[in-house]
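The next block holds one structure in the form of structure tokens; read it before the comments.
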Amino acid sequence: MSDPVRSSRFDLPPDHALHRVQRAALVVGGLGIIGCVVGIFAAREAFLHAYLVSYMLFLGIGLGSMAILMIQYITGGAWGAVIRRLLESATRTLPFMALLFLPIALGVTDLYEWANPEHVAHDPILQHKSLYLNVPFFLGRAVFYFAAWIGTAYFLNRWSLQQDAAADPRLTRRLEMLSRGGLLLYALTITFASMDWGMSLEPHWFSTLYGVMFMGGQGLVTFAFVIPMAALLAERPPFSRIITPVQFHDLGKLMLAFVMLWAYFALSQYLIIWSANLPEEIPWYLARTRGGWEWVAVVLVTVHFVMPFLVLLSRDLKRHARAVSVVALVLIGARFVDLFWLLRPAVAPEGFSIHWLDPAAAAAIGGTWMWLFVSQLKTRPVLPLNDPAIPREA
Amino acid sequence: MKRAPLHGVMAEFDNPTALVVAITKARAAGYRVMDAYSPFPIEEVSEALHIHDRVLPALVFLGGLAGCIGGFALATWTSVIDYPINVGGRPLFSWPSFLPVTFETTVLVAAATCVLGLLALNGLPMPYHPVFNVPQFALATREKFFLCIEATDPRFDREETRRFLETLEPLSVAEVED
């Protein structure tokens, strides 16, 4: 019996550390879910806002993985082959994330003031915007986004698995064609989804850079997630022979690029709005640089940019799997703080505040997401079998 | 007949793999002072030669740091001290507007340090180099790959090194006159 997909030299060994990670994730997720269930009844609105931040973080890993996969199919590079199965497993969490969208869909009137008819009745600007910002269209758009994402992820996964069975150049070509259209679709859907779910928390405010900031953040969090996972894999053979310091060097360089990209987008938006100082734009930054939020901004500049930028310049650090993993984990934390700073001040006009439901929602979504990720990773060989970048005799 | 002093002994190969193998074997045989020449950059060659330059990255970092501080200082000095102008009632020290200049000077000085530092550390421009005394070397920019073990290597011996290089199955071996 030689079904290359069912049993291969690249199956996850039964005693691998990732199994322990998966069990731990389930415990964390279970505790988080208990907290969230209490929260739904105790503090409905606080729960929804806490949920939204964590939801955007983990949705971002799945979507970012999809985008990185497609970029890699178009541009090539051995770094993509060694993390392909990690990225694919992350994209296979997207149907689950569609399910997890339900609390947001059900809580739309509590989350967004434009969905509250009483509020809109006193707000001429929102009446004017209601052609776009209304509940049925909002939900319809969400269905479209998820259909687009899940559809793209489905074919990316399907054709990649077929390549494991037979190295067929037509499949490579097909994946490349899908990636071209898929990236365009990704850029458009992320722009609108981030507008719908994030920007419309403050429906008077608008910024054309908002969607791009989310795309950059998703790319960054994807590398920050994949690097520690690859480091766990690379601890033992056969993966240690293939995921080498050279690969970590490349992944670290890409993560550094996304750190700089994030800083570039964040500064671009700030500089433009700060320079113009217009009454319809500047309140967004005023809310985020007052009442304690300015210290969160300082933390972001330091931990999301200056510190990782400086340490990731080092060649030795990037080639050291554990060291670069530590930087990556810090960056996942920084992403969470960034999303918190982007989304929460919209509903915290009195100043910085953090609710006990924030860590609870992060644990609930993060734990279950991580559990699902590892169980998806187990279903296939952890490295692609027929990629020219992966040596055949290893 | 008195023989001319040597720069080293050079072997010619017709593919990059042979060159990398030759370097690895030469290092295993104890040779350290050598250089390789190829028509295009080969990552494995620098690894095989154990070239890990730490001077240039440090210089570029310092250049970038100087550009960063210098650019910010320039913008601050011009806007706050030398030629203060009230722009829309903003404070004179409006640091967000200094950041694009700071970024540009950081990149500019770092890049200039990189190019000039590279030339300086390589000793370029170099009007004379002994390897060009070997006629075959003209092909080093087209299709041939060369390994030169230099005479300053402690293990270098005119005859023995030549015999060693001949065991690596090169296309040719030539003495490089200094």
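Naming convention: chains lettered A, B, ... in sequence-line order (proteins, then strands); numbering from 1 in each chain.
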Atom [atom1] of residue position [X] - does it have more than 12 heavy atoms of other residues, nucleotides or ligands inside 6.0 Å?
| X | atom1 | answer |
| --- | --- | --- |
| Phe132(B) | CZ | no |
| Arg322(A) | CZ | no |
| Tyr83(B) | OH | no |
| Glu43(B) | CD | no |

| request: Determine, for Arg54(B) against Asp316(A), whether the closest basic-nitrogen to carboxylate-oxygen distance falls under 4.0 angstrom. | output: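 Judged by the 4.0 Å cut-off on N to carboxylate O distance, Arg54(B) and Asp316(A) do form a salt bridge.
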| task | Measure across Pro100(B) and Leu271(A) and return the closest heavy-atom pair with its distance rounded to 0.1 Å. | result |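 Taking every non-hydrogen atom into account, CG-CD2, 3.4 Å.
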| query | Given side chains that start at C-beta, do those of Phe61(B) and Leu310(A) come closer than 4.5 Å, heavy atoms only? | reply | yes
